[in-house]
Amino acid sequence: MPQIKEILETMDYGPAPEAADHVREWLKAHAAGFGHFIDGRFTTPVADQTFEVRDPARDETIATVSQGSSQDVDAAVEAARAALAGWSATPGHIRARHLYALARHIQKRERFLSVLESIDNGKPIRESRDIDIPLVARHFYHHAGWAELIASEFPDHAPVGVCGQIIPWNFPLLMLAWKIAPALAAGNTVVLKPAEFTPLTALAFAEVCREAGLPRGVVNIVTGDGATGAALVKHPGIDKVAFTGSTDVGRLIREQTAGSGKKLSLELGGKSPFIVFEDADLDGAVEGVVDAIWFNQGQVCCAGSRLLVQEGVAARFHAKLKRRMATLRVGDPLDKSVDVGAIVAPVQLQRIRELVAKGEQEGATLFQADTALPQNGCFFPPTLFTDVAPASTIAEVEIFGPVAVSMTFRTPDEAVALANNTRYGLAASIWSENINLALDTAAKVKAGVVWVNSTNMFDAAAGFGGYKESGFGREGGREGLAEYLVPAWLKSLPKAEDVPALTLSALPAETDAGGAATLTIDRTAKLYIGGKQTRPDSGYSTTVRDAAGAPLGQVGLGNRKDIRNAVEAAAKAGAWGAATAHNRAQVLYYVAENLHARAPEFAQRLLATGASPERAEREVAAAVERTFFYAAWADKYDGQVHATRSRHVTLAMHEPWGVMGLVCPDEAPLLGFVSLLMPAIAMGNRAVIVPSVVQPLLATEFYQVLDTSDVPAGVVNIVTGEREPLARTLAEHHDVAALWYVGSRQGCAAVEKASAANLKGTWVSDGRVRDWFSAEQGQGREYLRHATQVKNIWVPYGE
Ligand code: NAI
């Protein structure tokens, strides 16, 4: 006779299906097809302009949905535009009540929405019921609070306007909430396009908007595929595009919106490392892997898909992991005891199969437990590759399926090198019982979210988003809200007339062969790279003249090679970012003092350019003051501890981008230069700066100040020459992480387009003219915000 214990241990799970009657009835009631949700009403579906939505687990059609045309997008944008004035003027407290109402209605429908999500997407009901939908409600509650607080917490900010939001299929309703809740809280109106595989919960949400009494036009939902998305992105009536999806489409959107003045946030792919140190709690880490890569069938942008295991424990860890894989149940998403559901669509399943076949061809060792799969539907078993070469396809490409690849490392430095050996930088998970090691690694990993002894934690209070080609901008937290606001001063800047970009060929340029002899000035200013004055690679210089055309001196004509050298020098000066903020503050104070000591010389230079004595003096004084200002900020623009729901403290750290390209305005040649350079280096970035094309001698004079102020070599690199080609080279350069550009609209368009190469963060002036003397426009938090990116580190805290 078997013992009860034995029976319990060997007993198999029976099916425990979640009731789906309500959802099936709802789908039946919409058997004629779903229209779009525009201006508070559903449109009538038009024959031939629809597509079918399928349940990937049962391989059957469940709904017919409208394919949004450009006219549909026009109508939705128009409705959002018409609603904007009223919604943005609605008092924060009233907006908050609308958001509370949405949250409450979602909570009331939690069961319905969970089942619908699982049927539409294929994710296990346990996940949609316990994770997705509760987080959706949480997001609306949290942002209802923000609506209440925005006026006091973000003084002098305005909503961006009409937001076009495009979301993927992996967390359909959760991604909707991440996009819509902050947008509405900040007073924007939206047009959202859900993914073509999974539009149903967005349509159910549209019903919720109606039921909850949201004013019409505030939320509009247009269904369709990539063509509908593209029409939304290109629509001139959109002020901001927020996109989550593949890096390829993100890059396309970056190119398409270049020069449009549209604000952009991109949350793209990842290949996130999951680092297991030898002192980790291995059983805990095994459970971590389950949540990292088998959660949502691995269709998670921040999935811990690259396991990096310290050599000494690798064999033991892999053995434990394989044992655990054998217990994972793959099957009907509506079965409450299923761990792994269906892949979203046949095309994704095919992609996973191809990549897995590639892994085998590449010589990696494949392991799949003897997992039973349903006969029909899109299913793929949990898969582990070991013996993976770091440069192989499966180690580099986002598989977006339940496939983990595992590599080993020996030392913590090697772990960090491997972790960062990717074009992505979305997330990382670090497992160690040694908090020093874990936090030290967290600081060194280039990723927007880091989980210590945990993984795939999300909360409305914490920012989420990536470094490098994982995109830019954050969703969630205070930092996410900022993406839906603009400082009022920035919004009100006058738009400059389109002027032809100023190039040196348009200036009376001479080579240094003959020009120098006629000059009243002593020397030819060189470039400043790696702490040294260097000759331009081209061997050419150009004459700088005053307003009346008289020669003032010569500067080097920098080219691509000089920019590359400058970026290389900046890349080597990484110690600046690792220095304490206190140290950086001291150096900036020293710069400010030395600039002050040389004030008469700088004023003299400005006088020579044709500035009046009063203006020259004012500009130097303002430059000194601004340098002191950023010295003061260097150790004060610190992060936050977010109060996330789980037992974690979530440290929102402000980190420097790394190497920044700065392209200065022509006007205010000293103050403009200082206004871009100082916030960038105060935050720990290294800069390659292209000064005013018309009057670069103020910048070249600045070397002396840098040389005498303990600014380490390579932190500031100055390349003079023609602005547009230099800016373009900076925009294209893969080691430049962020770029600020002040100049013409055409110039802005060119750099934004070129920046798509590595999806660097850009901040361009959109051809708007700032008053550099104004304390509001020429300095402040907006500059500091653009000089940093936020890394959220989740650290277990409490029990
Ligand atoms: P996708 O990037 O094509 O789709 C995401 C959304 O963008 C959908 O709503 C789609 O209709 C829309 N879209 C497509 N082309 C567009 C365009 N030209 N302009 C505007 N919107 C457009 O992703 P897809 O094809 O569904 O999946 C392919 C791969 O992308 C996956 O295997 C995965 O590697 C990655 N992916 C990453 C996601 C993430 O959360 N980071 C989410 C979905 C996919």
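Both counts, for ligands and for their atoms, begin at 1 and track the order of listing.
Separation of the F34 and W26 ring centroids falls under the 6.0 Å cut-off. Between F205 and F112, the distance from one ring center to the other does not fall under 6.0 angstrom. Aromatic ring centroids of Y467 and W657 lie 6.0 Å or more apart.
Residue Q256 qualifies as enclosed at atom CD: its count of foreign heavy atoms under 6.0 Å is above 12.
The shortest N/O to N/O separation between V233 and ligand 1 does not fall below 3.5 Å.
For the pair F171 and ligand 1, no heavy-atom separation below 4.0 Å is found.
Applying the 4.0 Å criterion to heavy atoms of I166 picks out, from ligand 1, the atoms 6 (C), 7 (O), 9 (O), 12 (C), 20 (C), 21 (N). When each atom of ligand 1 is checked for a heavy atom of G245 under 4.0 Å away, the hits are 2 (O), 37 (C), 38 (C), 39 (C), 41 (N), 42 (C). Under a 4.0 Å criterion applied to the non-hydrogen atoms of G229, ligand 1 contributes the atoms 19 (N), 20 (C), 21 (N).
The aromatic rings of W146 and H142 sit perpendicular to each other, their planes meeting at more than 60°, with 30° as the lower class boundary.
Atom 39 (C) of ligand 1 has its closest protein heavy atom at C301 CB, 3.4 Å. Atom 34 (O) of ligand 1 has its closest protein heavy atom at E398 OE1, 3.0 Å. Regarding atom 24 (P) of ligand 1, its nearest protein heavy-atom neighbour is W169 NE1, 3.8 Å. Regarding atom 44 (C) of ligand 1, its nearest protein heavy-atom neighbour is F400 CE2, 3.8 Å. Of the protein's non-hydrogen atoms, the one nearest atom 3 (O) of ligand 1 is V249 CG2, 3.6 Å.
With respect to the salt-bridge test (charged N to carboxylate O, under 4.0 angstrom), the residues E469 and R251 qualify.
Contact annotation for N170 and ligand 1: only side-chain heavy atoms (C-beta onward) come within less than 4.0 Å of the ligand. Only the side chain of L252 comes within 4.0 Å of ligand 1, judged by heavy-atom distances. Residue Q348 touches ligand 1 through its side chain alone, judged by heavy-atom distances below 4.0 Å. By the criterion of a heavy-atom distance under 4.0 Å, the backbone of I167, and not its side chain, is placed next to ligand 1.
A donor-acceptor contact shorter than 3.5 Å is absent between the side chain of E475 and the backbone of G465.
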